[in-house]
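These notes concern the structure reproduced below.
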Amino acid sequence: MTTHIVALGGSVLRPEGDNAASETWFGKLRQLVVHIEGNGRRMGIVVGGGSPAREGIILARNSFTDRYRLDNVGIAATRLNATILQQSLLDIGCDVCPIIPKSTDEAAELLTEHHIVIMGGTKPGHTTDAVAVALARDSGASHCVIATNVSHVYDSDPNKNENAKPFDIMTLGELSKLTGDTALEPGGSAAVDPIAVNWAIESCINLAIIDGRDLKILEDAIEGRPFVGTLVKVE
Ligand code: UTP
């Protein structure tokens, strides 16, 4: 049975402002999940922290700077967002696991019992991108879709360099050269978490980096159709 793994960036699920657009997006996401479950497939969704994680970490930094503790604040926000999505899918009768797993091996096990498993972060030291790659590894999926709020991986920061060039396809080795191998700061952001890239290399997981604000693109990437974004192949 096919299992799809998606990292759903918190910045996509919990964007700043524009509630109407957010509501429409949420409705379409629920339709997509219903469609996948209806075809008898399984899906693990790892939800990011978005604005609650950023706000929580900024607030907490006023009191302490320990990285481990700040990461735990971020993890709590990812689990809040995961619960929102989980409850909204349970509400429309989807076969969603009623537990938010705390590890990827627990989530992989639960994916054998439910069509849909939703989780957030696991341990300090990485982001939910890395959790999604670990879940792909543990559930035997060869691909992981990383749905974020940029259209592609670029050769430099498109916010700082107007000539930044997007990649349609690249290897994990090339992506690793761009991201480096230093873990992000708590609440820090990058197109893809360097730890996720390392784990994808270790476990031979192909990645698709896409703009999750457009659910047609997410659907294309999940269905294995050509998609707008960056395909990152093992080699
Ligand atoms: P996110 O996974 O949301 O970071 O984790 P992100 O992908 O950069 O941001 P979005 O999802 O696009 O908005 C938020 C923070 O939570 C902690 C880290 O501090 C991270 O920066 N975290 C998350 C962990 O420590 N471990 C985890 O497994 C997940």
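Every heavy atom of this structure was used, including side-chain atoms; hydrogens, water molecules and symmetry mates were not.
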### Query
Excluding sequence neighbours, so at least two apart, what forms side chain to side chain contact (heavy atoms under 4.5 Å, CB included) with Lys177?
none
### Query
Is the side chain of Asp95 donor-acceptor paired with the backbone N or O of His114 at a distance under 3.5 Å, no angle test?
no
### Query
Using a distance-only test with no angle check, is there a side-chain donor-acceptor pair under 3.5 angstrom linking Ser156 and Asn161?
yes
### Query
Val46 and Leu111: same hydrophobic cluster, using ILVMFWY side-chain contacts below 4.5 Å?
yes
### Task
Spell out, yes or no, whether Ile209 and Val145 are grouped together once hydrophobic residues are joined by side-chain heavy atoms under 4.5 Å, including indirect joins.
no
### Message
Less than 4.5 Å apart, side chain to side chain, heavy atoms only: is that true for Leu85 and Leu8?
### Response
yes
### Task
Could you state whether Leu135 and Val6 fall into the same hydrophobic cluster, counting links through intermediate Ile, Leu, Val, Met, Phe, Trp or Tyr residues with side-chain heavy atoms under 4.5 angstrom apart?
no
### Joint hydrophobic cluster, Met170 plus Leu231, side-chain heavy atoms closer than 4.5 Å
no
#### Entry: Least distance between heavy atoms, Val150 atom then Arg213 atom
N-NH2, 4.4 Å
### Query
Is there side-chain contact between Val12 and Trp25, with at least one heavy-atom pair below 4.5 Å?
yes
### Query
What is the minimum heavy-atom distance between Cys94 and Val34, and which atoms define it?
SG-CG2, 3.8 Å
#### Entry: Pair Ile5-Ser139, side-chain contact (heavy atoms from CB on, under 4.5 Å): steps then yes or no
CA-CA 9 Å; Ile5 304 298; Ser139 59; 3.6 Å; yes
### Task
Evaluate the side-chain contact (heavy atoms from CB on, under 4.5 Å) criterion for residues Ile201 and Ser176: first the C-alpha distance (whole Å), next the side-chain angles of each, then the deciding distance (0.1 Å), finally the verdict.
CA-CA 9 Å; Ile201 291 172; Ser176 172; 3.9 Å; yes
#### Entry: Distance under 6.0 Å and angle within 45° of ring axis: Lys165 vs Phe167
yes
### Task
Might you point out which heavy atoms bring Arg67 and Pro186 nearest each other, and give the distance in Å?
CG-CG, 3.6 Å
### Task
Would you confirm whether Ser203, through its side chain, and Ala200, through its main-chain N or O, come within 3.5 Å as a donor-acceptor pair?
no
### Query
Rounded to the nearest 0.5 Å, what separation is found between the CG atom of Leu80 and the CD1 atom of Ile75?
14.0 Å
### Query
Do Pro52 and Asn81 have side-chain heavy atoms sitting under 4.5 Å apart?
yes
### Message
Strictly below 4.0 Å, N to O, side chains only: are Glu219 and Arg225 in salt-bridge contact?
### Response
yes
### Message
Using side-chain heavy atoms (C-beta onward) and a distance below 4.5 Å, is Asp129 in contact with Trp199?
### Response
no
### Query
Within the side chain of Thr83, is there an N or O that forms a donor-acceptor pair under 3.5 Å with the backbone of Arg79?
yes
### Query
How long is the span from the CZ atom in Arg54 to the CD1 atom in Ile58, to the nearest 0.5 Å?
8.0 Å
### Query
Can you tell me if CD on Glu113 sees more than 12 non-hydrogen neighbours from other groups inside 6.0 Å?
yes
### Message
With side chain to side chain contact (heavy atoms under 4.5 Å, CB included) as the test, pick out the partner of Met119 among Ile99, Val47, Thr104, Thr78.
### Response
Thr104
### Separation between OG of Ser22 and CG of Leu29, rounded to the nearest 0.5 Å
10.5 Å
### Task
Quick one: closest heavy-atom pair of Met43 and Ile222, and the distance?
SD-CD1, 4.1 Å
### Task
Check the pair Asp193, His126 against side-chain hydrogen bond (donor to acceptor under 3.5 Å, both in side chains), reporting the backbone distance first and the verdict last.
CA-CA 7 Å; Asp193 178 355; His126 50 72; 5.3 Å; no
### Task
Report the distance from atom NZ of Lys233 to atom CD1 of Ile205, rounding to the nearest 0.5 Å.
14.0 Å
### Query
Of all heavy-atom pairs between Leu70 and Arg61, which one has the smallest distance, and what is that distance?
CD1-NH1, 3.5 Å
### Task
Measure the spacing between CZ of Arg69 and OG of Ser63 and express it to the nearest 0.5 Å.
11.5 Å
### Exceeds 12 heavy-atom contacts within 6.0 angstrom, atom CZ of Phe64
yes
### Query
Is a donor on one side and an acceptor on the other found under 3.5 Å between the side chain of Glu174 and the backbone of Thr171?
yes
### Message
To the nearest 0.5 Å, what is the distance between CD1 on Ile118 and CD on Gln87?
### Response
9.5 Å
### Query
With a 4.5 Å heavy-atom cut-off, do Leu89 and Arg30 have their side chains touching?
yes
### Electrostatic pair Lys216:Asp214 at N-O distance under 4.0 angstrom
no
### Query
Given side chains that start at C-beta, do those of Leu175 and Leu207 come closer than 4.5 Å, heavy atoms only?
yes
#### Entry: CA sep, side-chain torsions, deciding dist, call: Thr127, Ile195, side-chain contact (heavy atoms from CB on, under 4.5 Å)
CA-CA 8 Å; Thr127 72; Ile195 308 288; over 6 Å; no
#### Entry: Option from Arg42, His143, Arg41 for which side chain to side chain contact (heavy atoms under 4.5 Å, CB included) with Thr3 holds
Arg42
### Task
Begin with the C-alpha distance, continue with both residues' side-chain angles, and end with the deciding distance and a verdict on side-chain contact (heavy atoms from CB on, under 4.5 Å) for Val228 and Asp211.
CA-CA 8 Å; Val228 177; Asp211 188 339; over 6 Å; no
### Query
At their closest point, which heavy atom of Ser103 faces which heavy atom of Thr122, and how far apart are they?
CA-CG2, 3.9 Å
### Close side-chain approach of Asp181 and Asn198, heavy atoms under 4.5 Å
yes
### Query
Transitively linked via ILVMFWY side-chain contacts under 4.5 Å: Ile210 with Leu32?
yes
### Task
Could you tell me whether the side chain of Gln86 reaches within less than 4.5 Å of the side chain of Leu90, counting heavy atoms only?
yes
